Protein chains: 2
Amino acid sequence: MKEGPDIARIASLVGDPARANMLTALMDGGALTASELALEAGVSLPTASSHLAKLMDGKLLTVASQGRHRYYALAGTEVAAMIEAISGVAAHSGPQRARPGPRDKSMREARVCYDHLAGEHAVAMFDRFVAEEIIVRDDETLRLGPAGPSFFAGVGIDTSGLGNSRRPMCRACLDWSVRRAHLAGSLGTAILDKIIAEKWARRPAGSRVVEFTPPGRKAFEKLFLA
Amino acid sequence: MKEGPDIARIASLVGDPARANMLTALMDGGALTASELALEAGVSLPTASSHLAKLMDGKLLTVASQGRHRYYALAGTEVAAMIEAISGVAAHSGPQRARPGPRDKSMREARVCYDHLAGEHAVAMFDRFVAEEIIVRDDETLRLGPAGPSFFAGVGIDTSGLGNSRRPMCRACLDWSVRRAHLAGSLGTAILDKIIAEKWARRPAGSRVVEFTPPGRKAFEKLFLA
DNA sequence: TCCATGGTTCGATGCTAGTCGAAGCATACT
DNA sequence: AGTATGCTTCGACTAGCATCGAACCATGGA
């Protein structure tokens with residue numbers, strides 16, 4: 001025997017519920033921190049760390065250190081394809097999956113990505129920023145564009161104080177629901193903070209969803225999607 | 001949480017070495033008895049029986065009682081595709097086996113994947129089918145292309161009868177040795193059947209290898225790789 | 001330099017699941 | 001019937017591993 005690749009080794013990696021939850025949470029192609037994954041898996045941080053180490057050892061994940069955060073992501077499309085294949089079998093085997101639930105739709109629309117806004121709204125906003133040179137791409141990095149300071153002053157965000165810190169003001173972050181970039185960095189955080197502070201949206205506990213109120217959405221669109 | 005199908009459940013089924021060995025032993029699409037599988041897995045008969053019960057419970061296997069023998073087989077192509085997908089990641093993750101050995105070489109070249117041909121030959125054939133529009137990709141699914149029916153008629157495969165069944169005629173299956181797709185589905189089965197019927201290749205017992213004879217390979221290449 | 005926060009490592013604990021011998025069924029051959 | 005063979009069930013044993021609290025390390029911000 002002992003022919004072919006060691007399939008049991010990596011199948012057993014997926015075979016643990018906590019790890020399986022982590023992997024499915026990453027199936028969107030995004031990257032999550034260890035804490036977020038721990039929450040997602042419903043397990044303590046040490047446990048999650050141990051699992052992540054195992055998944056790394058099995059080359060199922062990649063990690064990118066950004067500051068004191070470590071962003072974990074699937075190692076590649078092959079891994080995603082494998083998860084899909086397993087899901088396919090599981091769907092036939094297990095109890096028929098119930099309803100898709102309204103939660104998925106809300107997640108696609110607007111959610112929190114650690115400390116900034118992600119989802120369709122965030123991508124649309126970012127597109128508009130770039131189109132009007134509020135933000136400009138400079139090679140790989142992002143900078144505030146010529147129209148930037150006045151625009152943010154107009155919506156009540158002071159950008160002069162954001163540039164001092166060591167943390168980058170603008171950063172691009174890849175979105176999974178839409179396959180495009182959205183805005184991270186301290187400016188992204190400031191925008192999310194404003195959305196919450198103005199009570200345009202709420203964040204249901206224990207979820208990444210950002211739930212806009214009808215008037216809040218209008219206000220947001222008027223200011224940021226113009 | 002608890003969203004989506006229970007992937008951990010069935011991944012953990014594959015995650016045990018004994019069960020993984022059984023499943024790979026069945027990857028040639030054949031059916032084996034409990035004793036044979038116990039031998040294949042290197043485990044005692046009671047243990048094997050317990051494993052088989054679990055695999056049955058997870059709907060990964062089917063069983064057919066014939067006399068006092070019970071023949072176990074994979075439950076379907078989906079299960080086979082899943083095993084292939086897992087093999088794919090495992091091949092890249094696991095410790096690269098130092099010297100591939102002659103058997104691996106044959107496996108890479110041509111092998112049976114449940115009920116159709118896989119390996120380099122199969123991938124080359126599939127590429128040619130796509131290039132000449134014998135088969136066309138339609139989003140995620142595959143269809144017979146404009147040049148399809150006449151081509152297969154020319155090589156002695158009647159495609160008109162294959163579309164009726166519930167089973168899809170063309171399906172893509174990811175190859176683990178080469179990182180590309182090859183042809184599954186009833187058409188894939190028909191091609192493998194023809195290769196065996198024409199005696200272009202033999203299948204050594206107890207292995208997934210497909211061993212082409214020198215003239216058989218020539219004939220195959222002339223017809224399918226043109 | 002000092003604190004706060006995100007992550008990993010260590011150690012101890014508890015539970016699950018794989019393992020096999022022996023016994024129990026079921027089917028077939030004589 | 002009687003016996004042999006293929007397979008499953010039962011019971012007991014064991015090992016591995018997931019889990020968490022607490023301590024430890026690293027980075028960022030003041």
Side-chain angles (χ1 to χ4, degrees), chain A residues 1 6 8-23 31-58 61-73 112-116 161-169 171 184-186 189-190 193, chain B residues 1 6 8-23 31-58 60-73:
Chain A
M1 59 207 74
D6 191 356
R9 187 176 121 81
I10 78 114
S12 72
L13 283 176
V14 189
D16 177 79
R19 288 192 292 260
N21 282 336
M22 292 176 173
L23 290 169
L32 296 176
T33 68
S35 329
E36 288 172 318
L37 288 168
L39 193 70
E40 199 75 38
V43 87
S44 82
L45 226 163
T47 309
S49 187
S50 153
H51 285 309
L52 289 170
K54 280 167 188 159
L55 289 171
M56 287 292 297
D57 191 54
L61 295 184
T62 58
V63 68
S65 294
Q66 271 181 29
R68 54 185 166 186
H69 298 274
R70 309 198 72 192
Y71 286 91
Y72 288 92
V112 166
C113 181
Y114 179 57
D115 59 1
H116 57 272
L162 295 176
N164 300 340
S165 125
R166 205 159 293 134
R167 182 179 175 203
M169 183 164 61
R171 247 194 53 236
S186 57
T189 304
D193 287 347
Chain B
M1 49 217 73
D6 191 356
R9 189 176 117 83
I10 79 114
S12 73
L13 284 176
V14 189
D16 178 79
R19 287 193 291 260
N21 283 335
M22 292 176 172
L23 289 169
L32 296 176
T33 68
S35 330
E36 289 172 317
L37 287 168
L39 194 69
E40 199 74 38
V43 87
S44 83
L45 226 166
T47 309
S49 185
S50 153
H51 285 310
L52 289 170
K54 280 167 187 160
L55 288 171
M56 288 292 298
D57 191 54
L60 267 60
L61 296 185
T62 57
V63 69
S65 293
Q66 272 181 29
R68 56 185 166 185
H69 297 274
R70 310 198 69 189
Y71 285 92
Y72 289 91

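Below, chain A is the first sequence line, B the second, and so on; all start at residue 1. It should be emphasised that the depicted structure is a prediction, and the values quoted were computed from it without experimental measurement.
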| request: Search all heavy atoms of A:S12 against all heavy atoms of A:R19 and return the closest pair with its distance. | output: O-NH2, 3.2 Å

| task | Indicate the atoms forming the closest heavy-atom contact of B:G58 with B:L13, along with that distance. | result | CA-CD1, 3.9 Å

| Looking for any heavy atom pair under 4.0 Å, which part of the strands does B:S65 touch: base, sugar-phosphate only, or nothing? | nothing

| query | Rounding to a whole Å, what distance do you find between B:L61:CG and D:dT8:P? | reply | 11 Å

| task | Indicate whether OP1 or OP2 belonging to C:dG6 is found under 4.0 Å from a side-chain N or O atom of A:Y72. | result | no

| said: With rounding to the nearest 0.5 angstrom, report the CG to CG distance, A:L61 to A:L37. | reply: 8.0 Å

| said: Contact between B:V63 and B:Y71 at the side-chain level, heavy atoms closer than 4.5 Å - yes or no? | reply: no

| query | Tell me: CG of A:L32 to P of C:dG6, nearest whole Å? | reply | 15 Å

| field | Expected output: side-chain A:R9 to main-chain B:G15 donor-acceptor under 3.5 Å | value | no

| Under 4.0 Å between a side-chain N/O of A:R70 and OP1 or OP2 of D:dA26, yes or no? | no

| Atom-to-atom span, CE of B:M22 to P of C:dG18 - whole angstrom | 11 Å

| message | We want to know whether B:S50 and B:T47 form a side-chain donor-acceptor pair, criterion being a heavy-atom distance below 3.5 angstrom. | response | no

| remark: Per-nt protein contacts along nucleotides 12-25 of chain D (heavy atom under 4.0 Å; B base, S backbone sugar-phosphate only, - none) come out as ------SSBBB---

| query | Considering all heavy atoms of both residues, which atom of B:A48 and which atom of B:A34 are nearest to each other, and what is their separation? | reply | CB-O, 4.5 Å

| In degrees rounded to 10°, what angle is found between the helical axes fit to the five outermost pairs at each end of the helix from C:dT1-D:dA30 to C:dT30-D:dA1? | 30°

| From CD (A:E36) to CE (A:M22), nearest 0.5 Å | 11.5 Å

| field | Length of the OH-C1' vector between B:Y71 and D:dT8, whole Å | value | 18 Å

| Shortest non-hydrogen separation from A:A38 to A:L45 and the atoms involved | CB-CA, 4.3 Å

| Separation of A:L55 atom CG from C:dT8 atom C1', in whole Å? | 15 Å

